[in-house]
Structures are given as C-alpha cells and as structure tokens.
2 protein chains.
Amino acid sequence: MGMELSSRQETILLAIIKTYLDTGEPVGSRTISKYTDLNLSSATIRNEMSDLEEMGYIMQPHTSAGRIPSDKGYRFYVDHLMADKEKEVDEMKEILIEKADKMEQVLKQIAKSLSVNTNYAAMISAPRYHQNKLKFIQLSRMGDDQIVAVIVVEGNIIKNEIIEVQEHLDDETLLKLNILLNTNLNGLSIEEISLATIKKMKEQAGIHSEVISDVIDAVAEAIKADEDLEIYTSGAKNIFKYPELSDNEKASEIITAFEEKKQLSDIVYETLSSQEEYNSGIQVYIGEESPVQNMRDCSVVTATYELDEGMRGTIGIIGPKRMDYDKVVKTLKSITGQLDALYKKDGKRKKKLKNEE
Amino acid sequence: MGMELSSRQETILLAIIKTYLDTGEPVGSRTISKYTDLNLSSATIRNEMSDLEEMGYIMQPHTSAGRIPSDKGYRFYVDHLMADKEKEVDEMKEILIEKADKMEQVLKQIAKSLSVNTNYAAMISAPRYHQNKLKFIQLSRMGDDQIVAVIVVEGNIIKNEIIEVQEHLDDETLLKLNILLNTNLNGLSIEEISLATIKKMKEQAGIHSEVISDVIDAVAEAIKADEDLEIYTSGAKNIFKYPELSDNEKASEIITAFEEKKQLSDIVYETLSSQEEYNSGIQVYIGEESPVQNMRDCSVVTATYELDEGMRGTIGIIGPKRMDYDKVVKTLKSITGQLDALYKKDGKRKKKLKNEE
DNA sequence: TGTTAGCACTCCACCTAAATGAGTGCTAAC
DNA sequence: GTTAGCACTCATTTAGGTGGAGTGCTAACA
C-alpha cells in the first residue's frame with residue numbers, strides 16, 4: 001500500500017491518463033509501448049500495468065479491455081500537475097471580462113465565457129461576506145401603515161423589508177428611530193446583537209418599542225436571506241458532449257443539481273470553508289471526492305475569487321473525470337486574476353474603468 | 001383541404017390520439033377497430049386512416065408502421081378538449097399552495113409541485129406590472145460620497161441604486177430633494193416622465209440639479225431592470241422520462257432553454273401578449289407552434305395568473321407532444337385559481353392567512 | 001355504395017452465429 | 001529485468017434469419 005511509485009511507473013501512469021483524457025477509450029499496453037520514449041515492449045508495460053492496477057491507480061472496465069484511471073489515478077495526475085504548474089508561464093488565451101453596471105451581468109458573462117471556452121459546465125456564486133456586518137439602516141414611511149426598512153450590509157449589499165405597523169409614526173419619530181438604530185447597531189453582525197442591546201433600544205424607543213422588535217426581525221431576515229446564495233450557471237448542455245455522462249440517469253442527476261442550485265451551493269460552501277488548504281484557491285474534486293452525491297461521476301474544479309474587502313465567491317467547472325485539468329486550472333487562474341485586478345479596490349476599479357473608456 | 005371531418009373520422013382520430021398518448025407507440029388499425037365501439041373492421045379503419053393521413057392529421061413514422069398524430073392532429077385534439085372542458089367538474093387532486101413570506105418561495109414551491117405532480121417540466125414567471133408606476137422614492141445618505149436611492153414601484157417591488165455624488169449633501173437638502181422627487185414623480189411610469197418634468201425639477205433643485213439627473217437615471221434603471229423577468233423552473237429532469245425527447249441532441253436544446261431562461265421569457269411574453277384570445281388564459285403550443293425554436297419537439301401549456309391590482313405572471317408546463325393535456329390543463333386551472341384566491345386583494349389575503357394560523 | 005375478408009408486401013425489432021480485434025496473463029527464453 | 005509468443009477473453013461488429021405488426025389493394029358481399 002505505502003509503496004512509492006518508481007519513476008518508470010510514474011511515466012507509464014501519466015502516459016495512460018493523458019492518453020485516456022484525449023480519447024476517452026481504455027488504453028492498452030501496446031499504445032503506451034509506442035507512445036512513450038521508454039522503449040519498452042508491450043509485455044513489460046503489461047507487467048507494470050498489472051502492478052499499477054494492484055496499487056489502485058488504474059482499472060479495467062472489463063477483462064481484456066485496456067486500462068482507465070481510477071479516482072486515485074486522477075488524483076495522482078492532478079497533484080502532479082499542480083506541482084508542475086507554478087513554474088509555468090500562463091499563456092492561456094485570455095477571456096475578457098467586460099465591465100458591466102450590474103454584478104449579476106458580470107457573473108453571468110463569466111459563467112458563459114467559461115463554459116464556452118472549456119466545453120464543460122460552469123457555475124459562479126455571487127460574492128458574499130463571511131460575516132455580514134450592518135452598515136446602515138433607514139426606515140421610511142411608505143403609506144399609512146407601512147414602513148420600508150432599507151438595510152445595507154458590508155459590501156454595499158442592500159436589503160429591504162416592508163414592515164406593517166399598527167400605530168401611526170410621524171416623521172420626527174421616524175427620524176429618532178433611525179438615529180437610535182444606527183447608533184446602536186452599526187458595525188454589528190447579527191450574532192453580535194445581544195438581547196441587552198435590544199432591551200436598551202426598546203427602553204430608549206419608549207412607546208414605539210414594538211417597532212424596534214419588528215425592525216430587528218427584519219434585519220435578521222435580511223441578513224439571513226443571504227444564506228441561499230445566488231448562483232449562476234452556464235453550459236449545462238456541455239455534459240452531453242461526454243458519453244460517460246450523458247446516459248439518461250446520470251444526465252438527469254447532474255441537470256437536477258444544476259437546476260436546483262442547492263447542491264451547487266454545497267460545493268461553494270465546501271470550497272470557501274476549506275479554502276486555506278490549497279495554494280491559489282484552486283481545488284479539484286474527483287468523482288467521489290465531491291461534496292455532492294450527484295456529481296460522483298464528474299470532476300469539479302473550483303476557484304475562489306476575492307473582491308473588495310474580503311467579499312468572496314466561488315467559480316466552478318464541472319465536467320467528466322477525464323477533463324483537461326491543465327486547461328481548466330489555467331483558465332480559472334486567469335479569470336480570478338482578472339476579477340482581482342478589476343475589482344480589488346473600489347477606487348482602483350473606477351480608475352481602471354475610466355482609463356479604458 | 002377545407003374538407004370537414006365526418007363524425008366517424010373524428011371518433012377514429014381521437015381514438016388514435018388517445019391511444020398514442022397512453023402508449024407512446026404508433027397505433028394500428030386493428031387496435032382502433034377493437035378499442036372504439038364503432039364496430040368496424042380494421043380494413044374500414046385503414047381506409048379512414050388513409051384519408052386522415054392525406055388530410056394531415058396523422059402520419060406514419062415509416063411504411064408499414066401504425067399512425068402517430070401530427071402537430072395538426074394534436075391541435076385538433078386539444079381544441080376538442082378545450083371545448084369539452086368547461087362543463088366538466090374540476091375533480092383534480094388539489095396541489096396545496098402554502099403561504100410563505102417571500103413571493104420567491106411561493107413561486108419555487110409551485111414550480112416544484114407542478115413538476116412533481118405532472119411528471120413534466122414546469123416554469124413560473126414572477127408577477128410583473130405592465131406599466132411600472134412609481135410609488136415612492138427615498139434618498140438616504142450612506143457615506144461621505146454615496147447616497148442610496150430606494151425606489152418603490154406599484155405592487156411593492158423595491159429597487160435600490162447607489163449613487164455616487166461629488167458634493168456633500170446635508171440632511172436638510174436631502175429632505176428637500178426627497179419631497180421634490182416624490183411630489184413630481186409619484187404615480188408616473190417611466191414613459192411619462194417628460195423632459196419638461198425633469199427640467200422643472202432641476203430648476204427647483206437649484207445647485208443640486210446634478211443629483212436629480214443621477215436619480216432619474218437610477219429610476220430608469222430600476223424600472224427597466226425588471227425587464228429580464230425572474231423565472232423559476234423545476235423538474236427539468238423529467239424530460240428524460242420521455243424517450244422521444246431524451247436523445248442527446250434534443251435534451252441538450254431543451255436543457256439550454258431552461259438554463260438560459262431567455263427563451264422561457266419569450267414564451268412568457270408571447271403568452272401575456274396574446275392573453276385575451278383564449279378563455280381562462282390557458283394556451284397550448286404544440287411543436288412548431290411554440291414561440292421558441294428549442295421547444296419544437298415539445299408541447300408547452302401556459303396559464304396566466306393575476307395577483308393583486310393587475311400583476312400578471314405566467315405558469316408553464318413543458319413536456320412531450322403526447323402529454324396528458326387534460327390533466328395539465330386541469331392542474332394549471334387549479335393552481336391559478338388558488339393563487340387568485342390567496343392573493344387577489346392584499347386585504348383579503350391577509351385575512352385569509354390570519355384565519356389559517 | 002359502404003363494408004369487409006383475404007392476401008401479398010414492407011419494414012422494424014429481435015435473435016443468433018460468426019468473425020474481428022484489441023487487449024490481457026502467463027510462460028519460457030534471452 | 002526484459003521480451004517474444006501464445007492462448008484466452010470479451011466487447012463490438014456484421015450478416016443472416018425470423019416473427020409480427022401493420023399497411024395497401026383487390027375482390028366479394030350486403
């Protein structure tokens with residue numbers, strides 16, 4: 001088990017995997033015998049293959065077929081790739097991120113570019129804060145018995161809640177409440193709002209203490225609502241390009257994951273939470289390694305991007321296990337790099353946009 | 001061409017279609033001979049079938065196979081069904097719409113119920129106004145050089161825009177601008193805001209006229225942003241249950257339509273705009289009749305629902321041409337009926353919800 | 001004139017058998 | 001340690017054969 005691979009075995013394993021990535025067909029000993037410059041006969045290769053199979057790196061779909069990589073084999077390949085990667089110059093064809101007014105448009109556009117460029121399916125999650133801190137609260141009267149609460153959290157994400165009130169609040173009272181709310185709550189995250197704070201505020205609000213409760217509820221709601229994070233996808237149809245994914249049952253599962261988003265957001269959470277473990281935020285989930293069951297026949301490559309002030313989101317590529325990891329990783333790095341450059345500091349961004357105009 | 005169907009031909013045609021809906025297999029003359037109570041031999045049926053084929057209602061997948069309905073045949077069937085429908089009692093198993101705080105949740109839930117109940121794919125568009133009228137505008141200072149504009153349009157849809165300002169605006173000025181904006185713009189739709197109005201407002205704003213322009217832009221943006229309407233889907237995977245839709249190429253097209261939403265919204269627009277033509281808002285698009293090319297192998301059944309004050313949205317079921325139109329129509333009627341009852345008047349709604357609690 | 005029985009014909013779907021060929025494992029020789 | 005050779009396996013392809021469902025047509029019948 002603990003046996004290390006010999007250099008020759010490594011060469012053979014990598015050759016097998018590379019060939020399989022290309023063709024999608026099981027690869028035989030004769031192919032490898034010719035493909036590598038080891039100058040070994042197919043018989044020798046067969047012996048080595050037999051060993052590699054015993055070690056769990058490759059497997060046979062059936063007797064007397066060639067070998068295909070196992071999840072462990074892919075894992076070896078990907079790790080090997082990553083180690084190599086650092087020194088390589090990124091000569092990837094750049095995908096241009098066009099500036100757009102709305103973040104949503106940018107995200108959709110990125111997802112589309114990714115899927116078109118890679119021929120795999122792509123997803124991207126809207127950036128979000130770990131810790132949503134309140135930045136600004138504003139109550140405004142909208143009708144006789146409705147007020148609208150505008151709640152801005154860090155990163156200029158704006159939430160609204162409509163609050164029904166029984167009593168009539170005049171402008172002056174509203175102003176007082178606004179001041180009260182902002183002085184007491186600014187800079188706090190939802191966890192940090194203690195009962196004591198609420199009690200204190202209610203006392204200060206006097207006869208209007210009921211409204212305070214409603215507002216707090218609204219605030220909680222607004223911050224929590226962020227939990228089902230927005231995810232945009234593109235190129236789901238690409239999975240039909242890979243026979244190993246496009247039989248009815250598998251396709252059905254994958255499509256469902258894409259439609260319901262729930263499972264995609266599991267991937268995002270997983271990625272964001274284990275983010276520090278890997279260099280440059282790139283993570284590769286192969287088959288069963290994936291956090292979601294529906295993706296067990298796929299590989300998922302994710303990257304974390306970070307905008308201004310620690311807003312983070314996740315980009316993911318979903319494809320067959322035999323995906324072109326090399327290209328995908330390069331592409332993701334290129335994208336995150338560009339996002340970084342475009343948005344890193346709000347000030348910087350504006351400057352950059354101006355220069356381009 | 002203009003030849004009317006004889007009563008017997010009608011019976012046979014309907015029998016063919018019904019049988020095909022059930023089995024999905026081409027249906028032959030012998031089957032019909034036994035299935036109907038016409039007491040005709042298969043030979044006679046064959047003669048009639050031959051005529052029906054010539055008239056374009058049915059077709060043969062290949063020589064010496066049974067017949068399957070053509071689009072024209074389905075159309076005949078559906079129209080026939082609709083005519084019958086009115087007198088029938090709706091004994092449909094009710095799908096319960098649970099109340100929820102957020103419209104979004106209700107919509108998602110409806111889509112899900114629909115797809116699960118029918119075994120077809122379902123979509124639903126968020127309700128939206130034809131004519132978005134401004135109801136309320138509120139500017140609030142958020143930082144040194146940012147103000148947030150909260151714009152409420154009819155139906156309590158809230159939009160936000162962050163506006164960057166050069167000059168510092170104090171509270172008093174902001175209050176004045178708020179009053180100015182509300183008195184001038186309330187009740188207007190974006191088309192109704194004339195240049196004259198803007199000019200007048202700018203004059204009144206004096207040195208702060210620049211802000212007015214920005215706000216108007218924001219308003220325009222906010223109302224316009226509604227154009228790409230929100231659409232929720234569910235049960236895309238159901239298309240894999242129908243062999244005639246689940247080969248790679250067709251599935252790929254349909255899935256794309258579902259993912260990109262663009263084509264679905266075309267259906268919504270089509271439905272909403274030709275809404276008056278049909279009774280009870282139910283419309284059936286069979287194959288090529290569909291407004292979107294990707295759905296040419298499907299049938300699409302849509303229904304319009306209407307909430308409070310003329311807010312309208314569309315519900316759609318997408319399935320194979322041989323879908324159970326009867327059930328689908330009933331289901332859609334049931335859903336729209338319930339939505340109607342739940343939300344028709346805001347006041348009514350609240351009462352109802354309270355009663356249920 | 002409309003209906004029916006009968007028959008020849010077509011074509012798909014299914015099965016079988018045989019041929020193919022890529023690939024393996026093993027053994028014996030180098 | 002490497003290799004040539006050989007027997008064996010098994011998925012895939014090809015070809016041929018059969019059955020059955022269904023049609024179109026014709027001739028007979030009421």
For the pair made of [atom1] in [X] and [atom2] in [N], what is the distance, rounded to whole Å?
X	N	atom1	atom2	result
I12(A)	dT24(C)	CD1	P	12 Å
N39(A)	dT2(D)	CG	P	12 Å
E25(B)	dA13(C)	CD	C1'	11 Å
I45(A)	dT2(D)	CD1	C1'	11 Å
Y35(B)	dG22(D)	OH	P	16 Å
E54(B)	dT23(D)	CD	P	16 Å
N47(A)	dG23(C)	CG	C1'	14 Å
M49(B)	dG24(D)	CE	P	9 Å

Within the pair [X] and [N], is there a side-chain N or O less than 4.0 Å away from OP1 or OP2?
X	N	result
T44(A)	dT2(D)	no
R8(B)	dT3(C)	yes
R30(B)	dA5(C)	no

Give the nucleotide from the list dT23(D), dG23(C), dC26(C) with an atom nearest to the side chain of R46(A).
->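 Selected nucleotide (nearest to the side chain): dC26(C).
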
L40(A) has a side chain; which of dG23(C), dT3(D), dG25(C) sits nearest to it?
->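 Minimum distance to the L40(A) side chain belongs to dT3(D).
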
Qualifying residues under side chain to side chain contact (heavy atoms under 4.5 Å, CB included), relative to A257(A), sequence neighbours excluded =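 A257(A) satisfies side chain to side chain contact (heavy atoms under 4.5 Å, CB included) with Q263(A), N294(A), M295(A) only.
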
Let me know, please, whether S41(A) or Q60(B) comes out on the 5' side of the other along DNA chain D by nearest nucleotide.
->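 In this pair, the answer is S41(A).
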
Taking atom types as they are modelled, would you say the side chain of [X] forms a donor-acceptor pair with the base of [N] within the 3.5 Å cutoff?
X	N	answer
R67(B)	dG24(D)	no
S64(A)	dT24(C)	no
T63(B)	dT10(C)	no

NA contact type, A65(A), heavy-atom cut-off 4.0 Å: base, sugar-phosphate, or nothing?
->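 Contact class for A65(A): sugar-phosphate only.
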
Heavy atoms from other residues, nucleotides or ligands near NZ of K261(A) exceed 12 (cutoff 6.0 Å) |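 Correct, the count exceeds 12.
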
Is the count of non-hydrogen atoms from other residues, nucleotides or ligands lying under 6.0 Å from R296(B) atom CZ greater than 12?
->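 Yes, enclosed.
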
Does dA29(C) pair with anything, Watson-Crick or G-U wobble, both distances under 3.5 Å, and if so, with which nucleotide?
->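 dA29(C) is paired, partner dT2(D).
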
Write down the atom of I254(B), the atom of C298(B), and the distance for their closest heavy-atom approach.
->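 Taking every non-hydrogen atom into account, CD1-SG, 3.5 Å.
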
Does H62(B) or S42(B) map to a spot on DNA chain C nearer the 5' end, using the closest nucleotide for each?
->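 In this pair, the answer is S42(B).
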
Are the charged groups of K321(B) and E244(B) less than 4.0 angstrom apart, N to O?
->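 Salt bridge: no.
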
